[in-house]
Protein chains: 2
Amino acid sequence: MISSIAELISDRIGTMPAGERRAAQTLIANYPLTGLKTVAEFSAAAGVSSPTILRFVARLGFQNYPEFQSALQDELAAQLQSPASRTLDPSSGGAASPMLEATLDNMRETFRHLSDKQLADIAARLADRRGKTFLIGGRFTDPLARYMAAHLAIIQPDVYHLAGQESIWRDRLIDMGKRDVLVIFDIRRYQESLVRFAEKAHQRGVQIILFTDQWLSPISRFARHVIAGRTAVPSAWDSSAALFVVAETLIGAVTRQLEAAGAKRIRDLESLR
Amino acid sequence: MISSIAELISDRIGTMPAGERRAAQTLIANYPLTGLKTVAEFSAAAGVSSPTILRFVARLGFQNYPEFQSALQDELAAQLQSPASRTLDPSSGGAASPMLEATLDNMRETFRHLSDKQLADIAARLADRRGKTFLIGGRFTDPLARYMAAHLAIIQPDVYHLAGQESIWRDRLIDMGKRDVLVIFDIRRYQESLVRFAEKAHQRGVQIILFTDQWLSPISRFARHVIAGRTAVPSAWDSSAALFVVAETLIGAVTRQLEAAGAKRIRDLESLR
DNA sequence: AAAGCGCTGTATCGTATGTTACGTATTTTG
DNA sequence: CAAAATACGTAACATACGATACAGCGCTTT
């Protein structure tokens, strides 16, 4: 069974004429980048002419050059999204749990695409006390919304978790305006009810902060800030762990920003018990 | 110092207009593949027009689109040629977030003290369908109970999350017996109400599975299985992320064990929508 | 409430890219 | 050794791609 294009090439490289073989070798040499460049660049790198490159990809079974490039990109996408290809680091005791390893990878990847500044911006918005904060989640992610709401509600007023039936929180739209923030958690399979809700909130000028997966919920169209977490794990379910950690990080950042006001508020709450 | 284009983007994403921000988000979401495609494909993926994409790359400082693509390819080349740089480099990615590093450490430590056999035993008990499963959590951990309940309830019947006021779930004790399982989440500061509840359930012979922190909730006295997660992070709050990951791992394990029966159940549920 | 500014999309243009036809060189075979 | 077949490159072509000008719209500001 031949799965990757690289295998396909090394399989047929023996039957190729000299020029095409040079093309194959240069492609394998720094795979797959050369194949993503233009035909002219590819041919220059291989030291052959453009038609030779085209004959080369034709021999591999592709109808035209763009089709060949698309195949390379798909392959690269699969490779980049599943860090399984990454050599298992022997440091962590190795055969711990593939589930754990995947989760740790997801978190690293998620934060790699999340700059400190971006997190700071979002935290600043959440800490901005001129408006209210609403949180809501989907079928499996609503607990994350609850978790975040439970913490935020302690350090600042006007934090509301939207729970229950759709009709209930839809009516809460009337309370929302430009100064308010709506935090939405929505991963595959995206819920239409949430999309509708987000759209209406957006129309009212509400600032939306979206927690979603790397395939981006349609709500990203309306969102001011989008946090794309990795969710792929060797399980029947997707993992929300990366989003959970981002949420915790934000909770910490907001707490730090509100330290002055927040500390007093916490003390007041303590004395209420 | 800004080294990668991804950093450059997340650095300036705050100052971008809405359309360009959507472009930036879709690019970051599955970086860097979208940037290697044509302008038309990029714009379609982001849901904006072609000129917006071009304005986006112009704002990043590139003279034209091909130059932008070349930069992405160079970056990808460097990344592919040295795969060692991706795993655990304390230089660039390491200093990202001390919060993240602490969380990752917590998870590794948590799983280090958690044997495969122990996880398998707990999963087996959760998958045992002779009794009912109840889940409950504390002030901040109740969302974890909800999260776990949301998944377990799909693959098997008789899964109940205990919510609301104490008096409500206290009355549910009457439904609990020897064959039943009670999953409790309780971290500092431990809630008396939960301890009381756990004790009564224990007296009724209920099997208790406890998620707690490394200092062990007093409920551990009554628990059949104890999962001690690390919670220390550089924040004003404790982190429940490690417990969250254990919960997800268990969800996956239970799902696998119930695969035969569970798969049918999932299909039935799908057809109900 | 009105005016100005900035952002975004539509339509058009020039160009670089992939493609193909054809002639020459090189190898293979009788 | 000769002749044929295959391989390769040059050059011309058409397409599709990136770039740009312009108009409409929403938003902010006075």
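The sequence lines fix the lettering, A, B, ..., with proteins before strands; numbering per chain opens at 1. Quick caveat: nothing in here was measured; it's all calculated off a predicted structure.
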Checklist entry - Side-chain contact, heavy-atom cut-off 4.5 Å: A/Glu248 with A/Tyr147? => result yes
Checklist entry - Mapping A/Lys178 and B/Glu41 to their closest nucleotides on DNA chain D, which lands nearer the 5' end? => result B/Glu41
Item to check | salt_bridge(A/Arg125, A/Asp121) N-O dist < 4.0 Å | outcome: no
Checklist outcome for this item: Outer limits of DNA chain D sitting under 4.0 Å from a non-hydrogen atom of chain A, read 5' to 3', are D/dA7 to D/dT10
Checklist entry - Is the cationic atom of A/Arg172 (NZ for Lys, CZ for Arg) positioned less than 6.0 Å from the six-membered ring centroid of A/Tyr160 and within 45 degrees of its normal? => result yes
Checklist entry - Which parts of residues 58-67 of chain B get close to DNA chain C, meaning a heavy atom less than 4.0 angstrom away? => result none
Item to check | Spacing of A/Phe56 atom CZ relative to C/dT19 atom P, expressed in whole Å | outcome: 14 Å
Item to check | Set of side-chain hydrogen bond (donor to acceptor under 3.5 Å, both in side chains) partners for A/His225, sequence neighbours left out | outcome: none
Checklist outcome for this item: Rounded to whole Å, the CD1-C1' distance (B/Ile53 to C/dT8) equals 12 Å
Checklist entry - NA contact type, A/Pro51, heavy-atom cut-off 4.0 Å: base, sugar-phosphate, or nothing? => result base
Item to check | Length of the CZ-P vector between B/Arg55 and C/dT8, whole Å | outcome: 7 Å
Checklist outcome for this item: With sequence neighbours left out, the residues meeting side chain to side chain contact (heavy atoms under 4.5 Å, CB included) with A/Thr212 are A/Tyr190, A/Leu210, A/Leu216, A/Ser217, A/Val226
Checklist entry - Taking the side chain as C-beta and beyond, is there a heavy-atom pair between A/Asp186 and A/Phe211 under 4.5 Å? => result no
Next on the checklist: Under the rule for side chain to side chain contact (heavy atoms under 4.5 Å, CB included), what residues qualify as partners of B/Ala24, not counting sequence neighbours?
Outcome noted: B/Ile9, B/Ile13, B/Met16, B/Phe56
Item to check | Sequence-distant partners of A/Asp128, side-chain hydrogen bond (donor to acceptor under 3.5 Å, both in side chains), two or more places apart | outcome: A/Arg130
Checklist entry - Quick one: B/Met16 CE to C/dT8 P, roughly how many Å, whole number? => result 11 Å
